[in-house]
Q: 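My questions all concern the structure below.
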Amino acid sequence: MPASPFVEPTPQLSLEDYRRYGRQMILDGFGLGGQIKLHQASVVVVGAGGLGCPALQYLAAAGIGTIGIVDHDTVEMSNLQRQVLHTEARVGVPKALSAAEAIKQLNSRVKVNPVTDALTAANALELLAPYDLILDCTDNLPTRYLLSDTAVRLGKPLVSGAAQQFEGQLCTYNLPLKSDPAGSAEEPGKGPCFRCLFPKPPAPEMAGSCEELGVLGAVTGVIGNLQALEAVKILTGLYDGKPSLLMFSALGMPPFRSVKLRSRRAACPACGVEGEKVGKIEETDYVAFCGGERPDWVARGLVEG
Amino acid sequence: MPASPFVEPTPQLSLEDYRRYGRQMILDGFGLGGQIKLHQASVVVVGAGGLGCPALQYLAAAGIGTIGIVDHDTVEMSNLQRQVLHTEARVGVPKALSAAEAIKQLNSRVKVNPVTDALTAANALELLAPYDLILDCTDNLPTRYLLSDTAVRLGKPLVSGAAQQFEGQLCTYNLPLKSDPAGSAEEPGKGPCFRCLFPKPPAPEMAGSCEELGVLGAVTGVIGNLQALEAVKILTGLYDGKPSLLMFSALGMPPFRSVKLRSRRAACPACGVEGEKVGKIEETDYVAFCGGERPDWVARGLVEG
Amino acid sequence: MATISLNIEFGGGLELLFSNQRSHRITIPANVPVSSATGQTPEDSDVPSKPVDITYLMYWLRDNLLKERAELFVENGTVRPGVLVLVNDTDWELEGEGEYQLKDGDEIVFISTLHGG
Amino acid sequence: MATISLNIEFGGGLELLFSNQRSHRITIPANVPVSSATGQTPEDSDVPSKPVDITYLMYWLRDNLLKERAELFVENGTVRPGVLVLVNDTDWELEGEGEYQLKDGDEIVFISTLHGG
Ligand SMILES: [Zn+2]
Ligand SMILES: [Zn+2]
């Protein structure tokens, strides 16, 4: 709702913000309060590729106050089939910078922190700690385990998307559960982490990449878009407080399926309370954990080539 | 697959196209043939707003040969919360031109035809006839009926999206059905049109607009994205040959629902074979059909203000 | 009196007419007057009866759950224009529309067509 | 011999092991050896039997539908790492995992976790 002349807009939001965000601020359950929450929130998107580009667009459009972008790659022609924040003119530019440029043009009021270093076990905690929420928009298994362990250690929700060929998956790990409406005395806990679901990684030969298997552009768009939506829902409190997995099959009928997920496992090596715990993230070799090098991981800078 | 030195790339696709589209060309069921189909296809997107922007991004990224954009509006600050092809610098620019500029930066090989005139009963047939497929990315009921009647008259599929508040809907009207795999002798027909489902329009007071009711940005993103995906599937033949409606509820669990739809109605005034038919599109007053003027339709240029 | 339980969903704005609640679980008579009059049950009198169908359900929802503006839900003996009815994720037109005989556990969705964008 | 019918779905690439077909409708014995050995049925001999469960189903699929590379499906008596099993849209961990007793008409999904982006 536009500010009346007799009421000062909340200092954090300008009159122009009211004009920009009006269409969502009038939503039941969202309101000025929701917009302020977004404004004060910080989200880091790891991966400015097929998933990261659509996610970043809608996070910026929605008015997230601070957005971090972590990607050590540079823009290539083969990206443009799906990485819609990049342009032909920016081929050769680091993706984090290209994406930052694009979202600043859409919303100059967002503070954008592009990071062109690779995310590694050595720097993940430091890079991600300043943010409220993390988006996994990466494309390889070792980084997904790293992000899950880091999110658990930092106590942040991890909105994780994945897409390959004609399929996509979406899940928020370490989800803050909601209180039992019946008013249980216990603090609501957290949902499962990636290791709760997949304590052992799949064998390397099962782990294809988009480079080898291909992916339809719009499939990454749908998942990345839904990641931004989940982030906005979590930050404004409008989310379902139970852990679930969304499966998308672009050629399937029905295309979407929602799955009720297990609770956090007490014996989870990363987030559980019993049993053996993973070692310090900084000392973990995620590549080795996932079965050793794969050629495209060398190209990705995950390992020394 | 990149061309070997001993094989000339298909004249329509350049070596650079192989590089750009490689990730989808290696998909089972897609291939070089699929990319050529997209290259030779033309799609017109009516509405370069909340639905049109994400749809246009992914149509351009996928390599559709010719893309028409019809929108008579200009970019406003309130659009930027969801209309991700536009920028702060292009506030005041006609949306069709702004969107065209954005997608040319992503894919300069797409031929883009921006149209800054309003789509009306007088010009719809002529404007849309050159295209293979139409996307309804509009925001008002009279235009939706106009588009459905026009698609039926022209014999084109109409991929229609809608979004409001936290909900979205997606349906392809006049869908080309697929032959019975059992080999029925009959030509497969077409799916229902919008009038087959809604022969009478809802009363004007039921028909809210995003301006009045609001919409969450990422909701329009999801639907627009899915519209592009449906278009690509139809053009490459990878679509489900049965009419269905996808319903999306961003706050619901499960969020997506797929509905099996009725067949084309023999007595449909627009696409049926019996009974009374609608008059010539050019002579139809769609605004009056939908119950008369509404204030925002005046603003939209649908009627003389 | 035999009853059946149904899951009812409203969407596309229709939920506003029903206390802004999208999901409802209801129990209704398994047999109802042929006229679909909601104030009576066949046991009450010698009215001819039928297995409960969607037409009856619409009147029952209007008379028991609707908080306001009945004309925005039911009109001329059916749902008002712009509303699509689904029976277990299927267009009601494929199931007999108002004459579809409800079964225990069915999910019936009433959704208004959206047109924003 | 009593049997049950099931809808089986494969996804995330697993379908490649099953003739590239995502959906399968199968019929399996309602009671099976406790050892989950797929070559026998309890009627065949005096083997102790149990109501058919997911562990048996996995071996049955491996022995009857899998066209190649069994080790990419089953490993150490359960699905190989990276595969999630769903029972009627619910994580099998909530339903007893391998010990979940299958019912006629159940839908069991085997899906590989994706990690591309
Ligand atoms: Zn865990
Ligand atoms: Zn029709």
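In what follows, every chain begins at residue 1, and chains take the letters A, B, ... in the order their sequences are listed.
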Q: Quick check: does any side chain N or O of C:R80 sit under 3.5 Å from a backbone N or O of B:P202, one acting as donor and the other as acceptor?
A: no

Q: Answer yes or no: is there a side-chain heavy-atom contact under 4.5 Å between C:I111 and B:M247?
A: yes

Q: Are B:K200 and C:E75 ion-paired here, with the side-chain N under 4.0 Å from a carboxylate O?
A: no

Q: Check the surroundings of atom CD in C:E107: do more than 12 heavy atoms from other residues, nucleotides or ligands lie under 6.0 Å from it?
A: yes

Q: Does the C:E93 side chain pair with the main chain of B:L261, one donor and one acceptor, at a distance under 3.5 Å?
A: no

Q: Please check if the side chain of B:Q169 supplies one atom and the backbone of C:S112 the other of a donor-acceptor pair under 3.5 Å.
A: yes

Q: Just wondering, do B:L245 and C:L84 contact through their side chains at under 4.5 Å, heavy atoms?
A: yes

Q: So does B:R257 pair up with C:D89, basic N to acidic O under 4.0 Å?
A: yes

Q: For C:N20, look at atom CG and say whether over 12 heavy atoms of other residues, nucleotides or ligands are found less than 6.0 Å away.
A: yes

Q: Tell me whether C:E95 is salt-bridged to B:R262, with the criterion being a basic N under 4.0 Å from an acidic carboxylate O.
A: no

Q: Is any side-chain heavy atom of C:T113 less than 4.5 Å from a side-chain heavy atom of B:F194?
A: yes

Q: Could you tell me whether a side-chain N or O of B:Q164 sits under 3.5 Å from a main-chain N or O of C:L114, the two making a donor and an acceptor?
A: no

